[in-house]
Amino acid sequence: MANDTKGYSRVNFFTGFQTTADDWNDVIRYDVEKHKLHNRLFHGPGVVPSVGGGLKVSARGRADLSVEVSPGYAIDASGNDLHLGEPEIKTINPGDFKLPQTVYVVLKYIEELTDFVSYRANLEYKGHRRVSERVKVETIITEPDIRHEVEIARIHLTKDVRRITDAKDPLNPRENEIDLRFVPIAGVVGSNLSPAVLRELADVIEASRSVYAHMFHNMKILPAADVEHALITLDMFRRLNLIDARSLFELWSVVFNLQTQLVEDVELNYPQFSSKKEFASFKKHVELLEGMYAEGKFTPEFMTNILGYQRKGTENLTSVFSAKVKAKRQADAPAAAAATDAVWDKIKLKSDDFTELLEIEGVKLKRVDVIDLLDKTSESGHKFRIVDARDKYRTRQKLKYPDGVIVEDVGIAFEGGYAEFEVSNVTPNKDLIMITRFDYVHGDWEQEVLINGKKVGTEVCTGEDRKFRWRNSPFKISAEYVTDTFLSVRKLPTTAERDINMFKIWFYQPA
């Protein structure tokens, strides 16, 4: 039983307890009230679109004043379950209203006592054996109160209304058309999508982001940035496990709309690209997806079409702009020169500061970021952390470089596990050089480098030096893996029983 001031109390059975009908009804009421409490506090009131037909209200093919409500499930703000097991036809009688008038189609929770029985041997023993929990479909003229009813549609009826139809434009319904824009959506925790679908979604987003980032950052096609940011947002929801069959279609609809704006911009300002057949194919895929969304049939087949068409659209855009990508990478040819042994050797032995601009062997580099280990602000800003290490410790060293210059620095050493951090201010599609200062007293180690979860190579340290112990370890991340303005980096040591130390970490790109 519930008490607003004293909380909840439940029946406690014990040997010899003589129960009555009231006791057993208290047991049932306790369970019902606790369930309603959970619904109120953990789920927002409204319709759950992914159950049954989502309680969708649609016009009937008979062109009359009746609508059909599909089966589904909803919760009102009092915590009641509203379950409609079969489709229901609701006829609207204009004579019941003073037209013109907006009519609201709502669901209400009701309880009815059923299965009445009485015993002839003792007429005092009688009552209803069941309480039927039902849903009633009603039409009202006042704004629905979510505590007692859940709106599933509204229709603005005119005086001369003859029939009710589905909205030609769901975002802008006209008079005598079914308006679904104000249907509340219930809060849902977690995702009901399969791991395979979520994995494919992640792959499609990652591939798509790369091409839109290139179109915006390198080709200055501005609407591409909006598409990229929408995909980033979609990926954030995926990582938080907040995408399911209820929300996925709505989130993708934002992407479709932005892709349509991108198509219009390219056709207006970049005819050399819009005239290609691959771009026409991309445009056609976007149009198909927008048409499917407008139909409102949010089925697994539609989900498959979204992923398939988006994947193909990304391939088409990559094909259209591939010449530009190639040209851009050729323009970055100095980055390839930076990988020569001469440049690498000078970086390894460099004892003076790694300034904002560097020129080594004719190669010009610009610093884009730096991590100062054991500086709380720097570590926090880069989300630096050591994960799953068997041992780790701070270290302060005052050592020499091979040229005799003494440098004092602080850093961290660890054995087992891996180091993880983020790099910002990166220009996509350009090589990124990561330079790590370390103590070379014990070398001969290797560690894998992963960018955004993908292995991009192995950082190798050979030999050791017990006298001149400072060295800088340069590692080049190829442009193909530099897909965004910020990157997640993981350094995973693979040499057994060898601790890895690191002090400052600098990041450079071709100037």
Would a line drawn from the ring center of W252 to the ring center of F302 be shorter than 6.0 Å?
no
Assess the pair Y293 and F298: is the distance between their ring centroids shorter than 6.0 Å?
yes
Partners meeting salt bridge (charged side-chain N to carboxylate O under 4.0 Å, His left out) with [X] (sequence neighbours left out):
| X | result |
| --- | --- |
| K392 | none |
| R154 | E143, E151 |
| D391 | none |
| R147 | D145 |

Could you tell me whether the side chain of [X] and the main chain of [Y] form a donor-acceptor pair under 3.5 Å?
| X | Y | answer |
| --- | --- | --- |
| T314 | Q310 | yes |
| S378 | D372 | yes |
| E379 | L374 | yes |

With [X] via side chain to side chain contact (heavy atoms under 4.5 Å, CB included) - residues at least two apart:
| X | answer |
| --- | --- |
| T483 | S210, N452 |
| L251 | L234, F237, I243, S247 |
| R40 | Y8, K36, L37 |
| D265 | I221, P223, N269, Y270 |

Can you give each donor-acceptor pair under 3.5 Å made by side-chain atoms of residues 501-511, sequence neighbours left out, with the distance rounded to 0.1 Å?
from, atom 1, to, atom 2, distance (Å)
N501, OD1, D439, N, 2.6
N501, ND2, D439, O, 3.2
Y508, OH, F354, O, 3.0
Y508, OH, T355, N, 3.4
Y508, OH, T355, O, 2.5
Q509, OE1, T427, N, 2.9
Q509, NE2, T427, O, 3.0
Q509, NE2, K430, O, 3.2
Q509, NE2, D431, O, 3.4

Answer whether the closest heavy-atom distance between the side chains of [X] and [Y] falls below 4.5 Å.
| X | Y | answer |
| --- | --- | --- |
| I500 | K491 | no |
| K168 | R174 | no |
| Y401 | N472 | yes |

With sequence neighbours excluded, what pairs up with T102 under the side chain to side chain donor-acceptor pair (under 3.5 Å) test?
H156
Sequence neighbours excluded, which residues qualify as side chain to side chain donor-acceptor pair (under 3.5 Å) partners of E290?
T260
In this structure, which one of E267, E264, Q259 forms a side chain to side chain donor-acceptor pair (under 3.5 Å) with K283?
E267
Before you tell me yes or no, could you show the steps for F475 and T436 under side-chain contact (heavy atoms from CB on, under 4.5 Å), namely the whole-Å CA-CA distance, both residues' side-chain angles and the distance that decides it to 0.1 Å?
CA-CA 8 Å; F475 182 85; T436 306; over 6 Å; no
Which of K454, R238, R311, R239 passes salt bridge (Lys or Arg N to Asp or Glu O under 4.0 Å) with E206? It is K454
Restricting to ring-ring contact (aromatic ring centres under 6.0 Å, His included), what partner residues turn up for Y73, sequence neighbours left out?
none
Starting from the C-alpha separation in whole Å, work towards a yes-or-no answer on salt bridge (Lys or Arg N to Asp or Glu O under 4.0 Å) for R367 and E356.
CA-CA 5 Å; R367 192 179 70 206; E356 184 173 351; 5.2 Å; no
Is the shortest distance from a Lys or Arg side-chain nitrogen in K383 or E420 to a carboxylate oxygen in the other one below 4.0 Å?
no
